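Order of the sequence lines fixes the chain letters, A, B, ..., with proteins taken first and strands second; residue numbering starts at 1 for each chain. Bear in mind that the values here come from a model prediction, so they are computed numbers and not experimental data.
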Number of protein chains: 2
Amino acid sequence: MNHRTPAATVGVVGGGQLGRMMGEAAGPLGIELLVSDPTPDCPAAPIVREQIVGEFDDYDAIRELAERADVLTFEIELADPDEMARVGEETDTPVHPDPDTLRTIQDKLVQNRALAETGVPLPAFRRVDDADDLRDAGEELGWPLMLKAREGGYDGRGNRPVDAPEEIDEALDEIGGPALAEELVDFERELAIMGAVGDGETDAYPVTETIQREEILRESVAPARIDDAVRDRARKVAFDVLDLLDGRGVYGIELFETDDGDILVNEIAPRPHNSGHWTIEGTRCSQFEQHLRAVLGWPLGDTALRSPAVTANLLGDVESPRPAELVGTDSILETPEASLHWYGKREVRPLRKMGHVTLADDEHGRDALLSRARELVDDVTFE
Amino acid sequence: MNHRTPAATVGVVGGGQLGRMMGEAAGPLGIELLVSDPTPDCPAAPIVREQIVGEFDDYDAIRELAERADVLTFEIELADPDEMARVGEETDTPVHPDPDTLRTIQDKLVQNRALAETGVPLPAFRRVDDADDLRDAGEELGWPLMLKAREGGYDGRGNRPVDAPEEIDEALDEIGGPALAEELVDFERELAIMGAVGDGETDAYPVTETIQREEILRESVAPARIDDAVRDRARKVAFDVLDLLDGRGVYGIELFETDDGDILVNEIAPRPHNSGHWTIEGTRCSQFEQHLRAVLGWPLGDTALRSPAVTANLLGDVESPRPAELVGTDSILETPEASLHWYGKREVRPLRKMGHVTLADDEHGRDALLSRARELVDDVTFE
């Protein structure tokens, strides 16, 4: 194949930080991005060619993206797979990843069933439509367990640990809809692998260790501080998952490393993922450039580690929403191995992801990078 | 100082590839760029917040930049220093580098005199207004010599070697205006140093080796393949030059390494420069990010070498202008250590700078990187 430059316009449903970072990766390659997003002046807007203002299921907005782009993709699971499929057919525009893949992933029960059917290891789970289902699930899986909304969960929203049968009604009320129960895994670490499916090729970045608090990703460490056997098992599971997915693109595969060193799949994201932000500095081809290459059918880029890297998220440290103003960034800017990434969100909210800092470096160990990243993030405030 | 994010908008006179790459560097830092450029949909346009269409001396365009920006800068020597100074005063907007510095650099005779006055080593030169001046210059400096237009030269245009007195009239006709004559230096290599002047701090990137053909930069190799004594002399000269310049920003300092190992200053660019493009992959803080940090008065970033790097330019290999379409980029995209940079120019012209490829790598030597970069660039064509 002989790709022509400039030739490529990518239409992206969603214009949050992932769309913004795709835009940052697009420029050097001569790729232009169009995004659709309901928030006027969304994070991607100042970076990309144009934002079309529209909901994630707005037919007209998605249709305009498709008409002007060579390929249609998305950066948020709320993108509507039916509208994307319809528009793709109407305009003869390829959609990647496949809308069917998005449909499967949007419903965690369907996702788990699809994985379980093909032998991918994952925590035991049960469908939960009512209190009886949840009681049965608890008896089979044991208490405590994790109750998850089947659709729409994000950054811990939609996940609720249930300690005992007494909490059943309250937990179901909180989730407020169709759910599934999962056994609570005793894990040693949470891991993630960013995989890429290209045109006849599949690749994966080094295994990342992810550190959550209050079910929100706080830091990621790459490569993960795990032994080689665990790494090899994690990679094997990740490639098995990638084989199941239809359509090109980057996929985030979240994993548990159990106390016994086994690997279980936690969740899949059909897009670049927070746990892969370190690839911007830590590899030669970031997950964002990789996603663009993949959806366009261009050759995949290099996924090898360039330097060990640690990313720490800049989360909203406020009690209530207010205009975003981050104070104290000098310590980040003055740290040679630190790179600041700001998402351009106008409003800060409690625990909202506002940016991140990556430390990439060959000389200090990963423990030291992690400590330093935490210090730098603690030094800045929105208050 | 405690910088606030998001806080920064930078107004840039000029929106060519340098403005485009400034835009690519601005996003992660939460900096927004506005550019003014006479060409609608200039290279920077799809990357930055907004392009204002206007000539480089268009008062209204520069005034709009200044009114909307925290600092005014430029990416092309054709920017009008008088209008920038006037607008800066009217709107109380800082202008960096100082318009006086730009004025000095715009006139090569004034530039050379300013450098010579303070003892910076440079080739012997004479002012040339007419044929008698050029004849005298030849007798003093020896034939052949280099005749240079005082203003407006770029990529070899405005430079003309003169072999003997018989060529005087033809050479002056070609230059067509006030000029200077310089002794033709027997150089071993051409070198360049990208320097940065920040708020009370000055720094410089590793010495780059630059390879020209037909007086156009073709490749740069970093760090330069020179011995430590030459490197130290080059850095000392560069810091001496930086001391003379008023205003913050990144400066490109082009040097000759003579056959005797001496360093002479060739030219200064008051902006990021082609010979520093390798810093995008070869260091942690590219010359473009550095320029933005500098003009905003933010702390300067890390200039240390991350990996040796070689950049090769993608020049228009056509006989006459035509719509730009680059064929054969797969070999670049498939090379793990290669990064493609496309400038988004709609029209290719003979020898026009359309993009570049950088190979950054710790394992292969610089000779091998240079060979590979040349192969990759030879593999693509606009024909």
Inset, instruction - Working to the nearest 0.5 Å, report the span between CG of B/Leu333 and CZ of A/Arg293. - result: 4.5 Å

Legend entry - chain B interface, residue from A/Gly27, A/Ser339, A/Pro323, A/Pro28 that has the most non-hydrogen pairs under 4.5 Å: A/Pro28

Inset, instruction - Identify which part of B/Glu289 has an atom lying under 4.5 Å from any heavy atom of chain A, answering side chain, backbone, both or neither. - result: neither

Legend entry - Over all atoms of both residues, closest heavy-atom pair of A/Asp37 and A/Gly15: OD2-N, 2.8 Å

Inset, instruction - Identify the residue among B/Gln17, B/His341, B/Gln287 that makes a side chain to side chain donor-acceptor pair (under 3.5 Å) with B/His277. - result: B/Gln287

Inset, instruction - Just give me the residue among A/His356, A/Glu337, A/Glu32 that pairs up with chain B most often, heavy atom to heavy atom, under 4.5 Å. - result: A/Glu337

Inset, instruction - Drop me the distance from A/Thr335's OG1 to A/Asp361's CG, to the nearest 0.5 angstrom. - result: 11.0 Å

Inset, instruction - Under 4.5 Å heavy-atom distance to chain B, tell me which part of A/Ala360 shows up: side chain, backbone, both or neither. - result: both

Inset, instruction - Please flag which part of B/Asp379 lies under 4.5 Å from any non-hydrogen atom of chain A: side chain, backbone, both or neither. - result: neither

Inset, instruction - Would you give the length of the straight line joining atom CG of A/Asn274 to atom NZ of A/Lys353, rounded to the nearest 0.5 angstrom? - result: 3.5 Å

Inset, instruction - Against chain A, label B/Leu300 side chain, backbone, both or neither, depending on which of its atoms sit under 4.5 Å from a heavy atom there. - result: backbone

Legend entry - chain B contacts, top residue of A/Glu281, A/Arg20, A/Met21, A/Arg306 (heavy-atom pairs, under 4.5 Å): A/Arg306

Legend entry - Toward chain A, the part of B/Ser307 with a non-hydrogen atom under 4.5 Å: both

Legend entry - OG1 on A/Thr39 to CD on A/Glu347, rounded to 0.5 Å: 10.0 Å

Inset, instruction - Measure B/Ala304 against the heavy atoms of chain A and call it side chain, backbone, both or neither at under 4.5 Å. - result: neither

Legend entry - Side-chain donor-acceptor contact under 3.5 Å, A/Ser286 with A/Thr279: no

Legend entry - Among B/Asp362, B/Val380, B/Asp41, B/Thr303, residue most engaged with chain A (heavy-atom pairs, under 4.5 Å): B/Asp41

